Amino acid sequence: MSACVPAPADSARTKHVHPPHSPPPGPRRFRIAGADVSASIAVFLIALPLSLGIALATGAPLQAGLVAAAVGGIVAGRIGGCPLQVSGPAAGLTVVTADLIQQYGWRTTCAITVLAGLAQLGLGCLRVARSALAVSPAIVHGMLAGIGVTIAVAQLHIVLGGTPQSAVPENLAALPAQLANLHPADVAVSALTLTLLFLWPRLPGRVGRVLGKLPAALIAVAAATALAALTGLRLPKVDLPSWSSHALAALPDGPVLGLVAAVLTTTLVCSVQSLLGAVAVDKLVAARPGLTGRVRRSDLDRELLGQGAANVVSGSLGGLPIAGVAVRSSANVAAGAVSRNSTMLHGGYVVIAALLLVPALELIPLASLAALVMSVGLKMVSLNHIRTVTRHREVLVYAVTTGGVVFFGVLEGVALGIAVAVGVALHRLTRTRITHEETEGGHHIHVRGQLTFLAVPRLSRVLHQVPHGADAVVELDGSFMDHAAYETLQDWQKTHTAQGGSVDITGRRPGLRISEPVEVDDCRCRPWTAWRNHQCERPPTATAPPDAGSQDTTGVADLTGGTGGTGGTGGAGGREGTITSSPTDLARGISAFQRNTAPHVRGELARLAREGQQPSQLFLTCADSRVVTSMITSSGPGDLFVVRNVGNFVPPPGEESGDDSVAAAIEYAVDVLKVRSITVCGHSGCGAMQALLGTEPGGAQTPLKRWLRHGLPSLARTPGGGDGAGGPRLAGRAAADTAERLCLANVVQQLEHLRAHESVSRALAAGGADGGLELHGMYFHVGEAQAYLLAEEAGEDGEAVFRRVLETDLTA
């Protein structure tokens with residue numbers, strides 16, 4: 001059902017029946033959390049000067065910025081699908097709006113804003129919001145960077161006391177003359193604003209932490225206003241005419257094609273910026289402890305509907321175009337907001353300020369607002385984004401989009417960026433590297449990239465360099481092979497085999513059956529597909545037929561390679577990837593390592609063999625076969641000194657209860673290897689914890705029972721009951737059951753045992769300039785493939801809390 005059509009009410013289902021002897025429920029009371037009130041004030045203090053500054057930068061009436069801020073807070077905040085995103089006039093829309101005002105006038109620009117809002121409502125009804133996220137991030141970041149450069153160059157003229165031109169080249173050409181004709185008053189006010197913007201968040205000490213809670217933008221503009229008022233500087237200031245003369249939208253006037261292009265441009269920029277902002281807010285919410293369960297993930301289609309409704313209202317009332325604003329949204333989340341009430345309240349505060357604070361607002365110097373907006377524009381050129389696109393080899397797309405926006409306009413720059421992105425994608429698709437290397441064991445042919453018909457001539461030439469009767473290995477290091485490449489490889493394999501040679505076809509997933517056409521890299525678990533119990537589902541084209549004799553499978557059988565690979569098939573009718581346990585399993589796995597992995601790591605292992613091990617961490621975890629330390633920590637040879645035992649126990653020191661094996665490993669790691677950290681890692685579904693819960697006193701003392709006595713202190717500190725209440729917990733929820741609660745308590749208890757060891761206590765006490773030894777607790781939930789780290793501070797109930805390790809934590 002469409003999001004725009006409400007579901008019909010069912011009278012039988014919606015009728016409320018009250019017990020005969022109870023009074024009817026009273027009216028629902030509207031409650032606002034205190035966190036929302038404080039967050040709304042913080043957002044309002046940021047939004048007020050920025051809204052005026054963005055209106056100044058576009059050339060629109062300054063009241064239009066206040067109208068857009070109020071409507072964005074109230075309308076988009078109430079209807080939108082991202083509860084904590086704050087909408088309003090955005091710096092990313094400045095260049096678009098300024099061009100529209102210059103070309104069509106203000107009242108027609110308001111009509112274009114209304115039409116763009118209607119277009120957004122239509123897109124929201126069509127539920128295409130997710131499709132907007134298909135735009136390459138390099139294009140989006142390049143567009144924002146180009147807009148930021150345009151804003152900064154234009155506002156620099158106002159900062160220096162002049163008037164900006166209509167385009168970046170003209171502003172750059174006029175800059176020398178502007179520098180020769182400075183206005184000292186404007187420069188002084190702008191310099192003070194920029195200085196406070198830079199220094200205010202960096203104030204040191206306790207006083208700095210307290211004052212740093214006040215928005216830097218508000219402090220900078222207020223200080224500049226006070227300087228201008230106290231010193232009597234003569235310079236242009238904010239001019240807010242009477243609301244009775246405020247210009248509203250009029251019927252659009254201009255060429256039809258130009259107006260259509262203007263509406264499409266405004267719709268594109270508003271929608272993409274708002275949707276990307278909603279996704280970013282979701283990440284901020286996920287990183288805030290305790291907020292994930294209270295605030296729902298963004299509904300992007302509803303967010304598009306909310307933005308469209310806000311633009312319709314804002315344009316009708318003579319306001320600027322509206323989009324989600326990153327600065328205000330991040331401030332809203334950081335200030336502790338828990339619902340959409342904070343966004344709506346901030347919009348109400350803007351209405352009150354626009355009606356009651358006009359005399360105070362008219363004291364603000366325009367140069368101060370220009371400096372504020374110029375700093376926002378410069379921040380839109382993010383070095384982090386540049387590093388990201390460079391790492392992903394998309395810097396050309398970024399640079400072309402930025403240059404196109406700066407020199408031609410937003411729509412033209414985005415079009416250029418899309419064209420270059422398509423060209424880069426096609427270039428990568430056709431760029432296939434095929435190498436041939438002769439080794440002692442035979443001939444090795446390595447194909448890197450997509451194997452399409454464009455690479456067939458090179459593939460055929462390299463394949464025919466292999467002598468007749470030789471052993472050959474063809475390694476396919478790509479994700480796709482089309483029909484032409486498949487037939488070329490199949491025909492060569494048949495011919496080479498018939499002449500007495502052998503051919504082994506391997507891919508990123510050893511033992512893959514390649515059919516026609518084939519996607520080699522369809523498994524998301526790589527590079528772990530070599531394990532024996534790996535059972536990812538295979539697509540139909542990559543699965544052996546149930547009955548090998550019922551159809552022609554010659555081509556398929558040929559390309560699998562006779563010598564197989566790790567995780568091969570169990571027989572003609574068996575399911576691929578599942579093999580039975582046999583004495584050859586170990587040899588098969590070692591063979592796969594020697595063929596696929598050893599060539600890549602041999603040099604690194606040789607270096608480690610020469611230099612010796614220098615691990616930075618001691619990782620103590622359970623012997624459970626599902627806990628793969630190197631996988632969940634993304635570590636390799638030489639990174640971790642690992643100790644594994646049943647239950648990840650650290651027996652306390654002492655003759656009666658001590659265990660020399662674990663104690664010796666701890667002493668060696670701390671005193672000899674000089675590790676910087678020790679991690680005790682428990683996991684879900686631990687068999688040792690289940691055994692502890694089911695152990696009855698007395699009975700025969702088996703080796704397992706004697707070992708499990710090291711977990712009795714963990715059992716003693718675990719509250720009873722099956723509701724998961726009390727004891728250590730995971731952030732956002734209590735433990736699922738007593739077994740999980742015991743697993744968490746066991747990690748905390750074993751850390752206490754660890755501190756009792758002499759070598760550890762000595763290293764902790766020594767400390768030092770480099771921070772000394774660190775102890776960490778970790779819990780790995782096997783079913784979720786999610787890691788949790790023990791927080792340094794306890795929860796509100798005084799119990800230990802394990803917090804999720806997020807994807808964003810790895811890229812910070």
Side-chain angles (χ1 to χ4, degrees), residues 134 136 138 392-394 396-397 417-438 442-468 470-499 501-524 526-527 529 538-545 551-565 576 595-596:
S136 170
H392 292 283
R393 296 181 298 168
E394 292 184 324
L396 179 62
V397 178
I418 293 175
V420 173
V422 172
V424 169
L426 291 176
H427 173 70
R428 291 177 178 174
L429 182 63
T430 59
R431 186 183 181 186
T432 305
R433 296 180 58 190
I434 305 175
T435 59
H436 172 223
E437 180 183 1
E438 184 175 358
H443 294 258
H444 185 271
I445 298 170
H446 192 180
V447 182
R448 297 180 180 89
Q450 319 311 315
L451 198 52
T452 65
F453 66 94
L454 297 173
V456 165
R458 283 179 291 152
L459 175 64
S460 179
R461 184 168 56 251
V462 172
L463 289 176
H464 285 85
Q465 293 177 4
V466 179
H468 298 323
D471 296 335
V473 175
V474 180
E475 181 180 355
L476 305 178
D477 191 2
S479 61
F480 180 79
M481 175 165 53
D482 69 1
H483 178 77
Y486 167 83
E487 284 203 345
T488 300
L489 192 57
Q490 184 190 42
D491 293 342
W492 173 82
Q493 183 190 32
K494 288 180 178 180
T495 303
H496 189 75
T497 305
Q499 294 172 346
S502 67
V503 178
D504 188 8
I505 308 292
T506 66
R508 286 187 175 181
R509 194 179 67 195
L512 174 68
R513 290 187 181 273
I514 304 177
S515 60
E516 174 191 4
V518 62
E519 290 189 3
V520 178
D521 193 14
D522 55 80
C523 177
R524 295 171 181 259
R526 82 176 163 79
T529 52
R538 308 297 200 249
T541 58
T543 306
Q551 52 183 299
D552 183 10
T553 60
T554 305
V556 176
D558 287 342
L559 281 177
T560 59
T563 57
E576 182 190 353
R595 180 177 64 250
N596 300 323

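Worth saying up front: this structure is predicted, and the values here are computed from it rather than measured.
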- Item | Crowding at CZ, Arg458 (>12 non-hydrogen neighbours, <6.0 Å) | yes
- Task: Could you tell me which residues satisfy side chain to side chain donor-acceptor pair (under 3.5 Å) with His392, sequence neighbours excluded, listed by chain and number?
- Result: none
- Task: Go through the structure and list residues passing side chain to side chain donor-acceptor pair (under 3.5 Å) with His468, not counting sequence neighbours.
- Result: Gln499
- Closest approach of Asp471 and Ser502, non-hydrogen atoms and distance? OD1-OG, 2.7 Å
- Task: Can you spot which of His496, Glu438, His443 makes a side chain to side chain contact (heavy atoms under 4.5 Å, CB included) with Pro467?
- Result: His443
- Item | Side-chain heavy atoms of Leu454 within contact of Thr432, under 4.5 Å | no
- Message: Applying side chain to side chain contact (heavy atoms under 4.5 Å, CB included) to His446 and Asp477, what does each step give before you reach the verdict?
- Response: CA-CA 7 Å; His446 192 180; Asp477 191 2; 3.3 Å; yes
- State the CD1-CD1 distance between Ile445 and Ile434, to the nearest 0.5 angstrom. 9.0 Å
- Item | Derivation and outcome, side chain to side chain contact (heavy atoms under 4.5 Å, CB included), residues Val466 and His436 | CA-CA 9 Å; Val466 179; His436 172 223; 4.2 Å; yes
- Message: Would the distance check show the side chain of His427 and the main-chain N or O of Gly423 forming a donor-acceptor pair, the cut-off being under 3.5 Å?
- Response: no
- Looking only at heavy atoms, which two atoms of Val397 and Ala421 are closest? And how far apart? CG2-CA, 3.8 Å
- Query: Quick one: does Leu489's side chain get under 4.5 Å of Leu463's, heavy atoms only?
  - Reply: yes
- Task: With side chain to side chain contact (heavy atoms under 4.5 Å, CB included) as the test, would you mind laying out the steps for Leu459 and Trp492 before giving the verdict?
- Result: CA-CA 10 Å; Leu459 175 64; Trp492 173 82; over 6 Å; no
- Task: Search all heavy atoms of Ala455 against all heavy atoms of Leu451 and return the closest pair with its distance.
- Result: CB-CD1, 4.2 Å
- Flag the pair Thr435 / Arg448 as yes when at least one side-chain heavy-atom distance between them is below 4.5 Å, and no otherwise. yes
- So which heavy atom on His464 is nearest to which on Ser460, and how close? ND1-O, 2.7 Å
